[in-house]
Undergrad: 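Here's a structure for you.
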Amino acid sequence: MPVRQLDPATINRIAAGEVVERPASAVKELIENALDAGARKIDLLTDGGGRRLVRIADDGAGMTRTDLALAVERHATSKLDGGDLNAIRTLGFRGEALPSIGAVGRLAITTRHPAEPHAWTITVDGGVKSKVRPAALGSGTCVEVRDLFYTTPARLKFLKTDRTEAEAIRDVVRRLAMSRPDVGFTLSGEERTPVTWAAALPDAAGRLVRLGDVLGPEFRANAIAIAAGRDGLSLEGFAGLPTYSKANALSLYLFVNGRAVRDKLLLGAVRAAYADYLPRDRHPVVALFITLDPREVDVNVHPAKSEVRFRSSGLVRSMMVGALGEALARESGRAASTGGAATISAFRPGLPRSLPQALPPTGGRAWSRGATRPAIPGQSTTAVAGSSAGFGEAVQAIYDTVPGGFASGMHGAFDIGPPAADARVGSVAPNPDEINRPLGAARAQLHETYIVAQTQDGVVIVDQHAAHERLVYERMKSALEKSGVSRQILLIPDIVELDETDVERLVARAEELARFGLAIEAFGPGAIAVRETPALLGEIDSAALVRDLAEHMAEWDEALPLERRLLHVAATMACHGSVRAGRRLKPEEMNALLREMEETPNSGQCNHGRPTYVVLRLADIERLFGRR
């Protein structure tokens, strides 16, 4: 076929395919234009997921008549000083957004510059531009896009439902709103109640307010401040506690010079910082803002500008990992403040539907296990520290077993029947010194799993297995850094039968395992001989430990750094060497566990990212029983 020049309409539609992938892409480009124009208030209205209508009004600087006529021409921009692409200080710079949108939809722009006597308007319908005409507008700019992609019907077929496209627009606006807390945003349309994010101060406090407005008050209550700087590179923002995590990576919000990005380097740095706190199937919630010289980052490597390339990528990664690691270690004793409040608010006031046949007249014993439990009055909205899968069970267990409340000498109330549920401990008078400690003094053990401690202003419930698991893990890490993990030789080696593939994996990593005190060797083609185990784990089921390690190694990526592989080994060993759920603890053992938790870093969550304790404030307990 002969070579020929494409006509301008086709060129514009091809460009539109790169810039305007979906309605959300058009919204992103238009809002970025408004922000670059100095807008302090932006109103967005959509209909049909943005296909039928997108209207964006701002109070920015506006354009003169001459600028408006040029704005809809290809490659026309006011955001580049000359041709230096290494010093881009604005969100937009390509000069393709407006003509590309006009090529595939019906575009109308009305704007007024302070120096003009009135506003001006222009329309672009399927690439056909009108003349600039006078219009009425107080200030700023109003951009209206109708019938997006009507000139390219094939593109319409690839769009999702109106609801899905509307949610994509909402996500774009959320990210832009997070990057600019000093700008007010209003999002309306799609038969939803309008959402308004009021302008806040541009400092760290204002940023947290905006993040709380966008991500919800739970993030604000569980956020850790991040601040670091090095060699002209600045990192600010907030990171969620490890116990406040999500099942997907959609809550990782990263910004470079105010631009929302999805960069692999930055995502990898966040995951590396949280690797010691979260399992592989959980993801943190973070909003981090990187600021650096525009010449040190290339934002022109992706048509949608969603990826960037750093000149000093190693510096950026190390600073992010270091800043996040330092902040997480600083707040290592905190647990998320959402689970307890959610559990309390789930209780509803009311009377028991039925009572057991015979209640002990003194109330000294709990109701029978088959009786219907009365609902607990709950009016609390105060967040309490802690979130755990077993929290609801623990709170209900307290209610079931302690109708008389947490008074001294109340331990007889824990006699609730069969041994499996017998959570009695010897009567222990609380030590005033221990009650003043952060985790209080141990008063009881519930279901041989949960330790109940009393503090000056409330109750602490500790998952004994999760807590001890973290303590053992930190001990192993500390021992590895100092002199290595000491071993204990087994009198008779344990022989563990495994699949031949699992045996090969374990033997290949025998040297790594030996660093943690686990000495193994092949015992024929389908078995492993365990000759030494870590001394600090005490008596363990070495067969179960080896099988777990084999399963974990099957999921390892060969590119996984040695350090990360060793931490996986340590976490697995710690799980097997910790106090198991269902083990009866003495009062002194429970108090010793609480004291060690207070002194151990990262004790607020176990190796799998679950909380190790939750807190019920006395005020919340009083609300449960209608005392407040």
Side-chain angles (χ1 to χ4, degrees), residues 171 174-175 177-179 181 200 203-230 233-292 315-339 383 385-387 470 564 567 601-612:
D171 184 64
R174 282 157 54 97
R175 293 176 185 274
M178 282 189 278
S179 70
D203 57 8
R207 176 167 286 164
L208 182 58
V209 170
R210 172 57 60 84
L211 293 175
D213 292 341
V214 176
L215 300 179
E218 289 185 354
F219 177 79
R220 188 184 309 169
N222 296 288
I224 304 172
I226 307 295
R230 186 195 308 171
L233 185 67
S234 172
L235 174 66
E236 297 179 339
F238 294 87
L241 291 168
T243 45
Y244 179 70
S245 60
K246 303 290 183 180
N248 55 53
L250 299 179
S251 296
L252 274 67
Y253 300 97
L254 305 172
F255 302 84
V256 177
N257 287 345
R259 189 188 310 278
V261 299
R262 296 288 297 179
D263 186 77
K264 293 180 179 179
L265 171 73
L266 303 182
L267 293 173
V270 173
R271 292 192 182 99
Y274 276 88
D276 202 21
Y277 301 90
L278 292 178
R280 297 182 64 181
D281 60 342
R282 301 296 296 180
H283 303 271
V285 182
V286 300
L288 300 176
F289 303 82
I290 298 175
T291 305
L292 71 168
L315 174 64
V316 175
R317 188 182 190 280
S318 64
M319 190 186 72
M320 285 189 65
V321 174
L324 284 170
E326 180 182 352
L328 292 171
R330 183 180 69 243
E331 301 289 343
S332 61
R334 284 178 61 191
S337 64
T338 54
S387 173
R470 169 58 72 173
R564 297 297 337 135
L567 290 178
N602 311 319
S603 62
Q605 59 280 321
C606 73
N607 311 336
H608 309 295
R610 294 188 296 268
T612 57

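What you see is a predicted model, and the numbers here were worked out from it, not measured in a lab. The basis for the numbers below is simple: all heavy atoms, side chains too, and nothing from hydrogens, waters or symmetry mates.
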Undergrad: Quick one: does any side-chain atom of Asn257 pair with a main-chain N or O of Leu292 as donor and acceptor, under 3.5 Å?
TA: yes
Undergrad: Flag the pair Leu215 / Met178 as yes when at least one side-chain heavy-atom distance between them is below 4.5 Å, and no otherwise.
TA: yes
Undergrad: If you take all heavy atoms of Leu328 and Pro242, which pair is closest and at what distance?
TA: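 Heavy atoms only, the tightest pair is CD2-CD, 3.9 Å.
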Undergrad: Could you walk me through whether Arg220 and Leu211 pass the side chain to side chain contact (heavy atoms under 4.5 Å, CB included) test, one step at a time?
TA: CA-CA 7 Å; Arg220 188 184 309 169; Leu211 293 175; over 6 Å; no
Undergrad: Measure across Ser251 and Lys246 and return the closest heavy-atom pair with its distance rounded to 0.1 Å.
TA: OG-CG, 3.8 Å
Undergrad: Taking atom CG of Leu241 and atom OH of Tyr274, what is their separation to the nearest 0.5 Å?
TA: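 Atom-to-atom, Leu241:CG and Tyr274:OH are 7.5 Å apart.
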Undergrad: With side chain to side chain contact (heavy atoms under 4.5 Å, CB included) as the test, would you mind laying out the steps for Ile226 and Leu288 before giving the verdict?
TA: CA-CA 8 Å; Ile226 307 295; Leu288 300 176; 4.0 Å; yes
Undergrad: Tell me the closest heavy-atom pair linking Ile224 and Ala327, and the distance in Å.
TA: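 Distance-wise, the nearest heavy atoms are CG2-CB, 3.7 Å.
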Undergrad: Taking all heavy atoms of Glu236 and all of Arg207, pick out the closest pair and write down the distance.
TA: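 Answer, listing the atom of Glu236 first, then Arg207: OE1-NH1, 3.4 Å.
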Undergrad: Could you check whether any side-chain N or O of Arg282 sits under 3.5 Å from a backbone N or O of Ser245, counting only pairs where one atom can act as donor and the other as acceptor?
TA: yes
Undergrad: If every non-hydrogen atom of Met320 is compared with every non-hydrogen atom of Ile290, which pair is closest and at what distance?
TA: SD-CD1, 3.8 Å
Undergrad: Evaluate the side-chain proximity of Leu254 to Leu267: yes if any heavy-atom separation is below 4.5 Å, no if none is.
TA: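 They are in contact (side-chain heavy atoms under 4.5 Å apart), so the answer is yes.
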Undergrad: I would like to know whether Leu250 and His283 meet side chain to side chain contact (heavy atoms under 4.5 Å, CB included); could you show each step before the answer?
TA: CA-CA 9 Å; Leu250 299 179; His283 303 271; over 6 Å; no
Undergrad: Of all the heavy-atom pairs spanning Ala323 and Ala228, show the shortest one and how long it is.
TA: CB-CB, 3.7 Å
Undergrad: Any heavy-atom pair between the side chains of Arg470 and Tyr277 that's under 4.5 Å?
TA: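 The answer is yes; the side chains approach within 4.5 Å.
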Undergrad: Could you please spell out the steps behind the side chain to side chain contact (heavy atoms under 4.5 Å, CB included) verdict for Val256 and Leu266?
TA: CA-CA 10 Å; Val256 177; Leu266 303 182; 3.9 Å; yes
Undergrad: Examine distances only and state if a side-chain atom of Arg174 and a backbone atom of Val214 form a donor-acceptor pair shorter than 3.5 Å.
TA: yes
Undergrad: If only atom types and distance count, is the side chain of Thr612 paired as donor or acceptor with the main-chain N or O of Ser603 below 3.5 Å?
TA: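 Judged by distance alone, yes, a pair lies under 3.5 Å.
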Undergrad: Taking atom CG of Leu324 and atom CE of Met319, what is their separation to the nearest 0.5 Å?
TA: 9.5 Å
Undergrad: Aromatic rings Phe255 and Phe289: how do their planes relate, parallel, tilted or perpendicular, breaks at 30° and 60°?
TA: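 If you compare the ring of Phe255 with that of Phe289, the planes turn out parallel.
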